[in-house]
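Report on the following structure.
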Amino acid sequence: MRAAASVALLSATSNAKIHFHESFDKNSWIQSEAKEDYGKFELSSGAIFTGDAAINQGLKTSQDARFYSASTELPDGITNEGKNLVVSMSVKHEQGLDCGGGYLKLGGALPDQKKFDG
């Protein structure tokens with residue numbers, strides 16, 4: 001019985017589709033220009049990382065006390081009709097923050113990503 005359950009679990013997990021994985025080996029993120037006081041993102045592995053800097057990079061805020069806004073298109077449309085949708089995001093705070101936060105929005109296609117005002 002345990003072997004049958006393991007096989008069922010393995011076959012169920014192998015059917016998951018990864019719709020988007022960001023490795024930051026190219027910068028496909030478009031920074032919004034909707035507000036002129038948005039801060040600018042840069043690609044960086046940060047001051048604290050282990051291993052290869054190139055595979056540990058991500059978007060880094062470059063200016064203190066700013067709002068940031070960037071978007072990227074997903075290569076394929078996503079539907080989770082009848083299925084769960086799992087979204088995972090990793091954040092690394094390297095400086096002491098008095099306040100701050102980050103969030104991720106999923107939405108429809110944007111006609112002009114530079115005008116994104118989310």
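Checked by atom type and distance alone, the side chain of Asn56 pairs as donor or acceptor with a backbone atom of Thr50 at under 3.5 Å.
Side chains of Val87 and Met89 form no contact here, defined as non-hydrogen atoms less than 4.5 Å apart. Between Ser44 and Gln57 there is no side-chain heavy-atom pair separated by less than 4.5 Å. No side-chain heavy atom of Ile30 sits under 4.5 Å from any side-chain heavy atom of Thr72. Counting heavy atoms from C-beta outward, Trp29 and Glu22 have side chains that approach closer than 4.5 Å.
With sequence neighbours left out, the side chain to side chain donor-acceptor pair (under 3.5 Å) criterion links Ser32 to no other residue. Asp64 is linked by a side chain to side chain donor-acceptor pair (under 3.5 Å) to Gln95, counting only residues two or more places apart in sequence or in another chain. Applying the side chain to side chain donor-acceptor pair (under 3.5 Å) criterion to Ser23, with sequence neighbours excluded, gives Asp25. Take Lys60 and apply the salt bridge (charged side-chain N to carboxylate O under 4.0 Å, His left out) test, not counting sequence neighbours, and it matches no residue.
Rounded to the nearest 0.5 angstrom, Glu42 CD and Ser62 OG are separated by 5.0 Å. With rounding to the nearest 0.5 angstrom, the CD atom of Glu73 is 10.5 Å from the CZ atom of Phe20. Summarising the geometry, atom CD belonging to Glu33 is positioned 8.5 Å from atom CG belonging to Asp112; distances are rounded to the nearest 0.5 Å. Taken to the nearest 0.5 Å, the CD1 atom of Ile18 stands 11.0 Å off from the OG atom of Ser88. Atoms NZ and CD1, on Lys17 and Ile78 in that order, are 8.5 Å from each other to the nearest 0.5 Å.
Both Leu74 and Leu104 sit in one connected hydrophobic cluster of ILVMFWY residues. Membership requires side-chain heavy atoms under 4.5 Å apart, directly or through other members.
What you find for Ser45 and Ala53 is that their closest heavy atoms are CB-O, 3.4 Å. Of all the heavy atoms in Lys40 and Gln31, the pair that sits closest is CA-OE1, 3.2 Å. What you find for Ser69 and Phe116 is that their closest heavy atoms are OG-CD2, 3.1 Å.
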* Asked: Which is it for Asp117 and Tyr38 under the side-chain contact (heavy atoms from CB on, under 4.5 Å) test, yes or no, and what are the steps along the way?
  -> CA-CA 10 Å; Asp117 187 19; Tyr38 277 147; 3.1 Å; yes

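Looking only at atom types and distance, the side chain of Gln113 has a donor-acceptor partner in the side chain of Ser71 under 3.5 Å away.
Annotation: ring-ring contact (aromatic ring centres under 6.0 Å, His included) contacts involving residues 76-95, sequence neighbours excluded, are absent. Residues in residues 40-90 take part in these ring-ring contact (aromatic ring centres under 6.0 Å, His included) pairs, two or more places apart or across chains: Phe41-Tyr68.
In this structure, Glu94 pairs ionically with Lys92, as a charged nitrogen and a carboxylate oxygen lie closer than 4.0 Å. Ion pairing of Arg66 with Asp37 is absent here, as no side-chain N (NZ or NE/NH1/NH2) approaches a carboxylate O to less than 4.0 Å.
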